[in-house]
Amino acid sequence: MSKPGERPEWARVAEAFEASGLTQKEFAAQRGVRLSTLQSWVYRRRRQRGDQASPVRLLPVEVAGVSQPSTVLLEVELARGARLRFAAGTDVEYVARLVTALGR
């Protein structure tokens with residue numbers, strides 16, 4: 001049992017997950033915690049600090065036209081596990097800005 005003013009253990013684990021850069025599945029396996037338990041702790045922590053979370057930032061997108069599908073893809077996996085796929089020849093600076101913005 002935690003003392004008044006002290007964060008409970010589940011909150012510390014959820015905070016450690018947020019800072020880890022691992023997927024929930026990887027983190028749960030490392031800590032020996034059930035994945036569903038970790039997910040509920042992370043959800044609860046995010047709800048408790050809801051108003052403190054940074055707002056979503058949107059980036060401008062320009063549609064240049066329809067092109068033939070490319071068989072060559074550039075794939076970027078973010079620290080949280082999300083994967084982004086881009087056609088070969090996509091502007092690298094655009095990809096870098098998008099990955100940076102999504103990483104925040």
(message) Would you say that V76 contacts L98 through its side chain, given a criterion of any heavy-atom pair below 4.5 Å between the two side chains?
(response) no

(message) Which residues end up grouped with V92 if you chain together Ile, Leu, Val, Met, Phe, Trp and Tyr wherever their side-chain heavy atoms are less than 4.5 Å apart?
(response) none

Atom pairs and distances, side-chain donor-acceptor, residues 21-28, under 3.5 Å, sequence neighbours left out:
| residue | atom | partner | partner atom | Å |
| --- | --- | --- | --- | --- |
| T23 | OG1 | E26 | N | 3.1 |
| T23 | OG1 | E26 | OE1 | 3.3 |
| Q24 | OE1 | Q39 | NE2 | 3.3 |
| E26 | OE1 | T23 | N | 3.0 |

(request) Look at the side-chain heavy atoms of Ile, Leu, Val, Met, Phe, Trp and Tyr, link any pair under 4.5 Å apart, and say whether L38 and Y43 land in one connected group. (result) no

(request) Determine the sole option in L74, L73, L102 for which the side chain to side chain contact (heavy atoms under 4.5 Å, CB included) test with L84 is passed. (result)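 One option only clears the test, and that one is L102.
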
(message) Between R12 and E9, does any side-chain N to carboxylate O distance fall below 4.0 Å?
(response) yes

(message) Please list all pairs meeting side-chain hydrogen bond (donor to acceptor under 3.5 Å, both in side chains) that have one or both residues in residues 84-98, counting only residues at least two apart or in different chains.
(response)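 Output for this query lists E75-R85.
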
(message) side-chain contact (heavy atoms from CB on, under 4.5 Å) for F17 and S20? Distances and angles first, verdict last.
(response) CA-CA 5 Å; F17 160 72; S20 73; 4.0 Å; yes

(message) For R45 versus W10, what's the shortest heavy-atom pair and its separation?
(response) N-CZ3, 3.8 Å

